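Here is the structure we will look at.
Every value quoted in this text rests on a predicted model; they were computed, and no experiment measured them. Atom set for the values below is all heavy atoms of this structure, side chains included, hydrogens, waters and symmetry mates excluded. First the proteins, then the strands, lettered A, B, ... as listed; each starts at 1.
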Amino acid sequence: MVEYSVLSLVRNALGGHKGWIRAWRDPEPKRHYDVIVVGGGGHGLATAYYLARNHGITNVAVLEKGYIGGGNVGRNTTIVRSNYLLDGNNHFYEHSLKLWEGLSRELNYNVMFSQRGVLNLAHSDGQMDAYARRGNAMRLNGVDSELLDREDVRRLYPYMDFSETARFPIYGGLLQPRGGTARHDAVAWGFARGADRLGVDIIQNCEVTGFERSGGRITAVNTTRGSIGCGRIGMAVAGNTSRVAQMAGLELPIESHVLQAFVTEPLKPLIDGVVTFGAGHFYISQSDKGGLVLGGDIDFYNSYAQRGNLPIAEHVMANGCAMMPNLRRVRILRSWGGIMDMSMDGSPIISKTPLHNLYLNAGWCYGGFKATPGSGWVFAHTIAEDRPHKFNEPLSLERFATGHLLDEGGKGPTPKLH
Amino acid sequence: MIRITCPHCGPRDHDEFSYAGDAGKLRPADPEAASAEDWHRYVYLRDNPRGPHLEFWHHVQGCRAYVKVLRDTATHEVLATGLPQDDLEAAR
Amino acid sequence: MIFGRHAPEQTHRLAAGGEIDRLRPIGLSFDGRSFGGYAGDTLASALLANGVKVVGRSFKYHRPRGILSAGPEEPNALVELRSGARREPNTRATMVELFHGLSATSQNRWPCLAFDAMEMNDLMSRFLVAGFYYKTFMGFPGWHFWEKRIRAAAGMGRGTVEPDPDNYETMNAHCDVLVVGGGPSGLAAALAAGRTGARVVLLDETDGLGGRLRSEREALDGAPAMRWVESASAELADLPDVRVLTRTTGFGIYDGNVVGAVERVADHLPVPPAHVARQRLWHIRPRRVIVAAGAIERPLVFGGNDRPGVMLAGAVRSYLNRFAVRPGSSAVVVANNDDGYRTALDLAAAGVDVAQILDTRGGGRGAWRDRALAAGLEVADGHAVTNAYGRMGLVGCDVGRLDGRGGTVGDSRFVACDLIATSGGWTPSIHLHSHAGGKAEWSDAVAAFLPADGRPGIATIGAAAGRFALSDCLADGFRTGAKAAQACGFGSGTAPDAPATEETATAPLQAIWSVPGTPGRKVRRFVDHQDDVTVEDIALAHREGFVSVEHLKRYTTLGMGTDQGKTSNVAGHALMAEARGQPVPVVGTTTFRPPFTPVAMGALAGRAAGRHLAPIRRTALHDWHATNGVVFVEAGPWLRPQYYLQPGEANAKEAMDRAITGEVVNTRTRVGISDVSSLGKIDVQGPDAAEFLNRVYSNGFARLPVGKARYGLMLREDGIVDDDGTTSRLSEHHFLTTTTTVHAAKVLADLEWYLQVVWPELDVRVSSVTEQWAGMALAGPRARDVLAAAVDPGTADVSNAALPFLGVTTTATIRGVPVRIFRISFSGELGYEVNAPADWGIEVWEALMAAGEPHGIRPYGLEAMGIMRIEKGHVAGPELDGRTTADDLGLGRMTGRSKWYVGRGMLDKPAFTDPDRPSLVGLVPVDGQTRIRAGSILVDDPDAATPIPKLGHVTSSAYLSPTVGHPISLGLLARGRERIGQEVWAVYPMRAIRVRARVTETCFVDPKGEKLHG
Amino acid sequence: MAETATLPARRSPLDGVWTPGDHGAVGPGGPGVTMTRRLGLSAVQLDARAGTADAVRHAIAAALGVALPAAGHATSGGDVRALWLGPDRWLLMAADGFGLEPKLRDAAGPAGGIVVDQGHGRAILRLEGPAVRDVLAKGTGVDLHPRAFAEHAVAQTGLFHLTATLDRRRGTGRFDVHVMRGFAVSLFESLCEAAAEYGYRLV
Ligand SMILES: Cc1cc2nc3c(=O)[nH]c(=O)nc-3n(C[C@H](O)[C@H](O)[C@H](O)COP(=O)(O)OP(=O)(O)OC[C@H]3O[C@@H](n4cnc5c(N)ncnc54)[C@H](O)[C@@H]3O)c2cc1C
Ligand SMILES: NC(=O)c1ccc[n+]([C@@H]2O[C@H](COP(=O)([O-])OP(=O)(O)OC[C@H]3O[C@@H](n4cnc5c(N)ncnc54)[C@H](O)[C@@H]3O)[C@@H](O)[C@H]2O)c1
Ligand SMILES: Cc1cc2nc3c(=O)[nH]c(=O)nc-3n(C[C@H](O)[C@H](O)[C@H](O)COP(=O)(O)O)c2cc1C
Ligand SMILES: [Zn+2]
């Protein structure tokens, strides 16, 4: 087991880097695991890691149908923040943000968590009031937030459109200084390596195709690499949630939609923090490689295809160029899509299910990357203890029936609007 | 660009329409008889299939008709379109 | 141009030949130095003509780099084009057409191209291997410290911080057959289709047609091939329904086979002409797509293969034949296919000394080889370059004999040269095929992936399909073009005759993915030039388990640069396959994604950026406001009056406060008028109209009398309040429903939904009449006097008896204009809403103003309206926030259980009946003066330990209610109605504000509503 | 509606922006597009209630001499032009003096027609000239090629992101464009910018 550090890097450099070993093993699936985590994305891998680290459960497999990190964790715009309005979300995401702050050292893997600050722009008095409510609520929870006026914003981003012709003038914004970005792939790889070091089997190219049940329990999962027995199952398959749930006979308050993202040619440092436009859905930040990473709305139709269409792409660019008119000559290098598990109230579900030993982690909508460590933490707890952690009690599946919804946007049961 | 054939206007770009979601869900016909569970299933639960999906698109920039569409969610291919009361199952 | 003449001699320009126009010299400057070129040059060809070797620096190691290619695949020669607001970083010199005054700057170097401090990365390269950053920078002083430095070294060019002065636009096109690519294949396809009368669009990324033919010495029908290209182009130009777009890149295929293309309308000019967009985005909706995008050559991977002076063989031919430029004076040619010979012959023909032709194949057979030998060229079979030298420009290379087992035999010898032409084979451009989900199939013959079965309606042909013989390309094009047209109902489908070619048979290529290095030397073999990915990096990725091509890509950044691996992916994936000991097709390839080449954000945004981001909606009274001191504010798409300044007043805070307070006071004490045209108005007609409204509104509408209005509440299916408004019954089967401004469109769509989908049996028709009617709210104690004076005598009786509260009349006219008058009020005053046909709105408004003159009428805006509705405790946007129930808002009485309506099925949910739910209350500062701001949180104990328990929040607030003389607010408070009279804290920690507030009823003014009925 | 004679003149939403004359890059061949405002037009929406379409069609033909068009088309008859707007929904237009609305009410009402005055709710522009198709193509995804969009073809569609009605009139390159009154200035600006490179004339 090679510890990563400057020293080991230098040592290996002198040895022509022959000394490095696999970041995680490539084991054959065992016949039985105490816990099987379905889905080798950020959440599945984090869950496996914390099952071993926090609960000492190491006879764990993560089953990934493709290559780990090939899902949304590997295709998201990497914004990390905890500036949520509703307590049910806010406490959970803040717990996650705290974990981010120590994650690289925790995992001995540089996930490049960069607290560059997340700024949400406001374009009307009403929006300023809404941000005030959110920021004030955050402060009462001990979470950092600052209300900026127009001039504060201008100082941070002088090249935004502060002109007379701006269609939606900038009134100010809500800033969370501790928010930022992280290196998406590294998060998957870091958790994978961390979990592997604690004994977890990470099994790629292993698609779950069905469940073997007896009564209210699942006894084994059928996969493209054979049937594997299990004690408990944690589902963390994001965009594919409904399909896997269906194998267990569950119908969920979830729709799958495609969200596109874009990256520009690499530039010298231009945009220091994370900025979201308030008069249309648009968010942007700059990756360490120099590419501007940006996105906006989903494509507004159910989809399992990891690609979108031009109208939304054009809409995203229009918003971006309206916010920052200097971006028009910057070129888009690549576009792609990811399948998002849009829930009916726009908030996630980390919960027990009607099946005794099946646990659900889904409904992440636009925002599950930031949740990765927190989600793994509380999901591991829920699986290990067979009851929710206090931070995911409000994220239960029952809330849709009881009416205890977490509708940050007040959009109602219309997934495309969350 | 998904090209959707409106039964009234002919083939149009999908961005002339507003997506109105799952058309497989039927609203409880007799509200009196419907249980809380029935309303819950109607309002909150979705099949969300990968493959052919029955859905509504509202032709907001066109004739304002709700168009029933059978579309493959894996390929985005439109398999059939019709009026809300039409049965498109044959195209599956 | 003058300064073209001052420029140094074009030392590497051939005396004759090429497409350039020697009569049109053009000057350019690169890094401040002036050079001369000609019309028809690209920046790259002009720099080469002037003997410039080093053009850029690589991404990671900052190694000096030259020009590798002559096309869009260029990984090295990236520059900052233009300056100031028009500066474009990362611009491929190979794709920039010369224009007068062109100025370009090298990038990713400091302080200058010749000496770059960051080149120390290259010395440190053994530490900076793939993924090194994941393994360190975790400890003190932390990532944020290192990140700054890494970011400064990373990136490539500098983006501008000034707004782009140019414009962009979108264009839509439809056609039967779209041909992407104007080489021989594409031309043939377009001709075959165009001749049938089908509508054809032909795109080419470059400034002209011909494709590779522009760069080759090929003959067609016994004449230079470009003659045929010219006649083909002329014929296409004459066909009425054929559109040829040059400088236009088809960057992606989307659903429905819609192709996105970007036309560089004015990038070849110093600045766009007046009224002309810089770039134009095309949406092309073809019935058939033919992709004739050609193939891209890849370099062999050998030691020092990134040295300035190492160039793709095909690019060498482009510079020789198309641009009349000699990329070097003494060349070594190294290839694993016949392109080596073809190139050597062209070099020799151009008078360049060819030191050696190295054929990595051992065979020593083939017609091309014979031609080379016949031309007296020196050929070394089974040889390759094992290392190349020359940091700032190639000086020579080691040549070694391959043992066929990944090593060399014998010593290598040094050969002096300033140019290495290399070909590792050609990679078909299957990008667009793949965008549409088409499969890729490995071909050993081509040593690349070819398009396999794909989406119907898309055909990939010619070199893009791995058919490299000119005759095959032409045949392919004519055949496919004719077939495509036929499929659209044009022509017989028979292919026209192709021109005769004169081709030399080619011998099969032999793949070699990396060339062994000079024995005893540590060589650097670059697979991905731009991102500095070496053969060793790929081995490391394999060692660490990043063995899937997707992991390989993300771990090493192979193919993630601006060129997206056009010249490097195949070799990279093949090397991983070798490491895994599996065939390439098993290892596979990474995903092709749009855009094919990078596209400016502005082009995608089109004109919708800036002030056109969203169309502005103006009320029928807009022009009146504009000339009467209004200050407008955006309300969704609408521009609405916020308040009105007095003549001569500047829009300062005091003036604003004065205006708003004045408008409120005037309305409450005299009479005011405001523009409510933007409220949604929906005409509902039909025998079942009453039944329909009774189902969509939570309160009853079945028995609303004709000539009466009623306030109504609509719920969402989930039981939450959706919208409110008044509905008036104009006749037995005719209603007019109003909605809030923001929800107008949604409510109409919902009503249509219920009628078309849910209750088709109801005989009702709904239509929006929002724009048909200008709406004016006349409010205040004198409102009736004003109305009575304005209404044309005898057309309507507006007395309290004839037109009581919630009464409606449709008979009145004002200045002859038929109007609808509704006695309803949002302000709580005696009020009327007057609707007039929009084109007469201003006349009616002015009539009311005139009639109101003696009564002191004043227009009031949104701010005054907002204060007055808070004074009355009326809910609006901040209260209808999509989370509140009717009960929360004190409107529970409107959600009875006596009938069914949308949303009722949800109302009994535990959470909705929870007594602890926040409910709407009024709030006043205990000190009688401190404003309680909207967005404040309501708590019992602001000093409690965090997280501090919250009781609710302040939804709306008036910093001063002129009517009650102190600040008032509305808020949602847990168990609010039980707390009336009690005190709570309203805290605003972000501004360190806390205010002691008393909980009150929601209505601060005229709770009994006497004013309404008076 | 009361006798137009006694009524004030109707205002156009474009009064404030309409500057007659040539604009943009007008070449020797004259402007690529000529724009005219179609003023003084009554426009009334006619819906046929469930199952009454035929009766309404007959009633209108008899009373106004115009045949209600099929989907995607327009017809002219008598003094009236009729556009198809949607299923069982048409827009009928005539000069203000014609008294269209009352006539429609009398004719269609009994047959099951529902009449909604929309004349003030929309602005109508006539565009003609050699560049008209290109100008409109910058804003709409509808195929305007004569083969696909013949004379008297009508489309409800998006035009520069606004909802608009395109009515192809007789002759090549002549279109009437309807847009909601409140968006008239926005559409006008878009059309002008799109037309500037060909040159345009405001009449
Ligand atoms: C374009 C885009 C931008 C986004 N931007 C942000 C952002 O800025 N900030 C933020 O916080 N969030 C963002 N998100 C959301 C975030 O990426 C996701 O919510 C989060 O990654 C989901 O959790 P995950 O990582 O476990 O999902 P995934 O990475 O998708 O993991 C799920 C895994 O399950 C696997 N799987 C599925 N079915 C099976 C099966 N049957 N058997 C085995 N394995 C299976 C999949 O292959 C996949 O690897 C974005 C998402 C997208 C698509
Ligand atoms: N020597 C060899 O082994 C070899 C290999 C490959 C090709 N060739 C020769 O090259 C020619 C191939 O003919 P062809 O017509 O198939 O290809 P081509 O390369 O001649 O033409 C392709 C054209 O498509 C354009 N293009 C590519 N992608 C585009 C896009 N996305 N949008 C717009 N334009 C795009 C390019 O600018 C180019 O003009 C033949 O003459 C063939 O003999 C020879
Ligand atoms: C934050 C982030 C930054 C990215 N930067 C780049 C980049 O610089 N170059 C590149 O080619 N792709 C970049 N990508 C996109 C990936 O290449 C890839 O498209 C994405 O991970 C989705 O995978 P897929 O395209 O293989 O489906 C980036 C992706 C993310 C999430
Ligand atoms: Zn339609």
Check: If you count heavy-atom pairs under 4.5 Å with chain D, which of B:Pro11, B:Cys6, B:Cys63 comes out on top?
Finding: B:Cys63

Note to self: Using the ring-ring contact (aromatic ring centres under 6.0 Å, His included) criterion, which residues pair with B:Phe56? Sequence neighbours excluded.
What the structure shows: C:Trp753

Checklist line | D:His145, NE2 atom: more than 12 neighbouring heavy atoms under 6.0 Å | finding: yes

Next item on the list: Determine which residues belonging to residues 148-170 of chain D lie within contact range of chain B, meaning some heavy atom pair is under 4.5 Å apart, and list them by number or answer 'none'.
Entry: D:Ala155, D:Gln156, D:Thr157, D:Gly158, D:His161, D:Leu162, D:Thr163

Margin query: Nearest 0.5 angstrom please: B:His8 NE2 to D:Asp88 CG, how far?
Written below: 9.0 Å

Note to self: With a strict 4.5 Å heavy-atom criterion, list every residue of residues 30-47 of chain D that contacts chain B, or say none.
What the structure shows: none

Next item on the list: Examine whether an atom of B:Arg64 lies under 4.5 Å from a heavy atom of chain D, and if so say whether it belongs to the side chain, the backbone or both; otherwise answer neither.
Entry: neither

Notebook entry, point to check: Is there any residue in residues 72-85 of chain D with a non-hydrogen atom under 4.5 Å from a non-hydrogen atom of chain B, and which ones are they?
Noted result: D:Trp84, D:Leu85

